[in-house]
Q: 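One structure coming up, written as structure tokens, with questions to follow.
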Amino acid sequence: MDINPIDIIIHIINIVVLFVLLRLLVYKPVSKFIKERADSVNSHLENAAQKEAEASKLLEQYNAQIMSAENDAKSKVLEITTNANREADEIIGSANNMALEIIEKANQKAQAEYDSKMNDLSDDIADVAVNMAKQILQREVTVEDNQKIIDDFFNSRKN
Amino acid sequence: MVDENMLKLAGDFTEQDIERIRSGFSKMLGREIRFKVVRDDSLIGGFSAFINGKVYDASVLARIEDMQRQFTD
């Protein structure tokens, strides 16, 4: 088998040409493509990272808002409970006062009624006593009694 | 001037008693007093004299009523 140097040169030239062509036609676009692709991926990654950062920031904000809302809710509940307790105490207090007033009035009424009955009773007793006295004296008054009444009357006027 | 007045009596009185009442009032009031004597047993005892619209009550009834008033006040 004999090798012809010209053939070799031609092959080399072919290879070089092919290499140049490939480099021009294939390597550059492919590497450009690859670079663009990489850039795109990087930008997507960056974008994703940014989005993740934003998301976590938002998450923090939301958590903070939720915590603040919870705190507000707790303080609101506490405030409402405190007000309710205070109002309940006021209602109970006024109810107690009303009860005491009612009891006081009832006592006064009972005392007034008792006093009135006692007065009536003493009046009745007085009437009975007077009537008895009248009836007894009606029979008992003598001439001497009347003479003493005359003496007493004029003696009391002399002083 | 002699006043015509009324003297109510309850129970037994003698004429001397009535005269004593009349002279007592004449002396007390400083003028001659004459009475129209009336018996009123509702007075229970003693007498009640009405002189010039004024009442001099020395009756047992008056005393009992005083007692009753004190009892109920």
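Residue numbers start from 1 in every chain, and the chains themselves are labelled A, B, ... in the order their sequence lines are given, proteins ahead of strands.
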Q: In Å and rounded to the nearest 0.5 Å, what is the CZ to CD distance from B/R20 to A/Q147?
A: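 These two atoms lie 6.0 Å from each other.
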Q: Counting only heavy atoms closer than 4.5 Å, note whether B/L9 contacts chain A via side chain, backbone, both or neither.
A: neither
Q: Check the hydrophobic clustering (I, L, V, M, F, W, Y; side-chain heavy atoms under 4.5 Å; chains of links allowed) and say if B/I18 and B/L29 are grouped together.
A: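 B/I18 clusters together with B/L29.
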Q: So, for A/F154 and B/F25, which heavy atoms are closest and what is the spacing to 0.1 Å?
A: CE2-N, 3.5 Å
Q: Taking a hydrophobic cluster as the set of Ile, Leu, Val, Met, Phe, Trp and Tyr residues connected by side-chain heavy atoms closer than 4.5 Å, whether directly or through intermediates, do A/L22 and A/V17 fall within one such cluster?
A: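 Linked within one cluster.
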Q: For chain A, find which of B/S59, B/G11, B/G24, B/S42 contributes the most heavy-atom pairs closer than 4.5 angstrom.
A: B/G24
Q: Do A/L24 and A/V16 belong together in a cluster built from hydrophobic side chains that touch within less than 4.5 Å?
A: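 In one cluster: yes.
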Q: Against chain B, work out which of A/V143, A/D145, A/I125, A/N146 has the most heavy-atom pairs shorter than 4.5 Å and name it.
A: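 The option with the most such pairs is A/N146.
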Q: Above 12 or not: heavy atoms from other molecules or residues under 6.0 Å from CD of A/E52?
A: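 Open.
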Q: To the nearest 0.5 Å, what is the distance between CD1 on A/I150 and CZ on B/F47?
A: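 One finds 6.0 Å between CD1 of A/I150 and CZ of B/F47.
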Q: Are A/V30 and A/V41 linked, directly or through other ILVMFWY residues, by side chains that come within less than 4.5 angstrom of each other?
A: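 Unlinked, A/V30 and A/V41 end up in two clusters.
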